Amino acid sequence: MIAPAEHGGRCFGTDWRSDLDLTLFDRATPVIDRGAIRIRLTPTLQDRTLQRISPRVERAADGFRLRWQDEAIFDAYADGRIEVVPGEQWRGTMPIAFYSTVAALLLAAQGLLPMHMSSVVIDGHAWLIGGAGGAGKSSLAAELVAGGAQFLADDLTVLHPQAGQLLAARGRPSMRLYPAMAERIDHDLDPAIADDDRGKRLIRPRHRAADDRYPIGGIVILNDDAPTPASGPDKLRLLSQNIFRPRIVRQMPAIATIHRHLLSLAQVQNVAVLPQPAGQGLTDAAVRMRQLFAIGEG
């Protein structure tokens, strides 16, 4: 069934229907389906029993509420509904927080596994790159794309259970990169990001993965302190640290399901730790990653 008055999007292996244009997702015809997430503007909040778990997030038995500055309040429900209440600083467009934190937390509430990782596709498999903020996840992913890999996701990679394994879903079509790094890959769009004081730009790589989900080939964690290769308890600890918004996700009602997914992810054989790259070290890190996992150019 088609709902022509709505905006549609596809991202993180999920369909989205919205009263607002979803500019940072892939555009799609809004399809009314039980698995689609429905976003609507509403003037008032519904009464809910809430428990504060962070300065911006309150937990409910059926989801969460997130206050984004004075711009909007998001009431999210695990059954796939998001109600958006405009605030005093409402700009008339979907706030940037929706495309990352709100989306990731809702998918976690539904039992999916959001990882704070960028990812590329090489030889038909997803290769995930984790690390703390500023570790170089996006830059290493871009370096691999420059070498022939296909772009899959930037900063947030969502994993779906399917047929006994976890599959990495195609994420947002854009990535944030420093201008010098952006110049190394073929891309569309190049606007400055108003709220990024680091000077990064938002680009859409043209060499992008075509399929919706991919089996995981391996994982690299960018960390100067962790042992390499990662194994046993160290592997599970590193993966746990690389959940998207881990302190909040760990307090979600679906945490038991998420923990089972983490245990499954820890069974991936190809998990390694590399030092955080910088400058020319990006090329070295990409070469080292290919050597560790014996993977080709794309």
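As a basis for the values below, the full set of heavy atoms in this structure was taken, side chains included, without hydrogen atoms, waters or symmetry mates. Treat the numbers as computed from the prediction; the structure is a model and nothing was measured. The residues of the chain are indexed from 1 along the displayed sequence.
Around CZ of Arg247, the count of heavy atoms belonging to other residues, nucleotides or ligands within 6.0 Å does not exceed 12.
Among all heavy-atom pairs drawn from Val121 and Ala209, the shortest one is CG2-CB, 3.7 Å. Smallest separation of non-hydrogen atoms from Pro275 and Leu222: O-CD2, 4.1 Å. Minimum interatomic distance between Pro205 and Pro173 (heavy atoms only, all atoms of both residues): CD-O, 3.5 Å. The heavy-atom pair separating Phe98 from Leu22 by the smallest distance is CE2-CD2, 3.8 Å. Nearest heavy-atom pair, Asp79 versus Gln110, reported as atom, atom and distance to 0.1 Å: C-NE2, 4.0 Å. Heavy-atom minimum distance, Leu156 versus Tyr99: CD2-O, 4.4 Å.
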field: Residues Asp75, Arg48; criterion salt bridge (charged side-chain N to carboxylate O under 4.0 Å, His left out); working and verdict
entry: CA-CA 10 Å; Asp75 241 1; Arg48 304 176 77 181; 3.0 Å; yes
task: Test salt bridge (charged side-chain N to carboxylate O under 4.0 Å, His left out) on Arg10 and Asp26 and set out the steps.
output: CA-CA 5 Å; Arg10 179 77 182 173; Asp26 284 308; over 6 Å; no
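Using a 4.5 Å cut-off between side-chain heavy atoms of Ile, Leu, Val, Met, Phe, Trp and Tyr, with links allowed through other members, Val85 and Ile37 fall into different hydrophobic clusters. Side-chain heavy atoms closer than 4.5 Å link hydrophobic residues (I, L, V, M, F, W, Y) into clusters, and following such links, possibly through other members, connects Leu159 to Leu236. Follow the hydrophobic side-chain contacts under 4.5 Å out from Leu263 and you reach Ile243 in the same cluster. Side-chain heavy atoms closer than 4.5 Å link hydrophobic residues (I, L, V, M, F, W, Y) into clusters, and following such links, even through other members, never connects Tyr77 to Leu107. In the hydrophobic clustering of ILVMFWY residues, with side-chain heavy atoms under 4.5 Å counting as a link, Phe12 and Ile96 come out together.
Within the 4.5 Å cutoff, the side chain of Phe244 has no heavy atoms near those of the Leu113 side chain. Between Ile203 and Ser174 there is no side-chain heavy-atom pair separated by less than 4.5 Å. The side-chain heavy atoms of Pro277 and Glu143, taken from C-beta on, include no pair separated by under 4.5 Å. Residues Val220 and Leu128 fail the side-chain proximity criterion, which asks for heavy atoms closer than 4.5 Å. Put simply, the side chain of Leu105 does not reach to within 4.5 Å of the side chain of Phe74, judged on heavy atoms. In this structure, the side chains of Met117 and Ile129 stay at 4.5 Å or more apart for every pair of heavy atoms.
Look at Asp19 and Arg40 and you find no salt bridge, because none of the NZ, NE, NH1 or NH2 atoms lies under 4.0 Å from a carboxylate O. Salt bridge annotation for Arg27-Asp21: present, with a cationic side-chain nitrogen under 4.0 angstrom from a carboxylate oxygen.
In this structure, a donor-acceptor pair under 3.5 Å is present between the side chains of Thr257 and Arg260.
Checking side-chain atoms of His207 against main-chain N and O of Ala149 turns up a donor-acceptor pair under 3.5 Å. When atom types are taken as modelled, the side chain of His160 and the backbone of Arg213 share no donor-acceptor pair closer than 3.5 angstrom. Side-chain atoms of Arg59 do not come within 3.5 Å of backbone N or O of Leu50 as any donor-acceptor pair. The backbone N or O of Gly217 lies less than 3.5 Å from a partner atom in the side chain of Asn270, making a donor-acceptor pair. Panel note: side chain Arg52, backbone Pro55; a donor-acceptor pair is recorded below 3.5 Å. Using modelled atom types, one side-chain atom of Ser118 and one backbone atom of Asp155 make a donor-acceptor pair closer than 3.5 Å. Under the 3.5 Å distance criterion, the side-chain polar atoms of His261 are left unmatched by any main-chain donor or acceptor of His259. A donor-acceptor contact shorter than 3.5 Å links the side chain of Lys137 to the backbone of Gly131. At distances below 3.5 Å, at least one donor-acceptor pair connects side-chain atoms of Lys235 with backbone N or O atoms of Val268.
Separation of atoms CZ (Arg38) and CD1 (Ile82) is listed at 10.5 Å; rounding is to 0.5 Å. For the atom pair CD1 of Ile73 and OG1 of Thr42, the computed distance is 11.0 Å after rounding to the nearest 0.5 Å. Here CG of Leu140 is found 7.5 Å from CG of Leu274. Values are rounded to the nearest 0.5 Å. Once rounded to the nearest 0.5 Å, the distance linking CZ of Arg245 with CE of Met252 reads 11.5 Å. To the nearest 0.5 angstrom, Glu71 atom CD is 4.5 Å from Arg91 atom CZ. Taken from OG in Ser139 to CZ in Arg184, the straight-line distance is 10.5 Å, to the nearest 0.5 Å.
The salt bridge (charged side-chain N to carboxylate O under 4.0 Å, His left out) test with Asp188 is passed by exactly one of Arg206, Arg204, Arg208: Arg206.
Using a 30° and 60° split on the angle between ring planes, Phe25 and Trp16 fall in the tilted class, from 30° to 60°.
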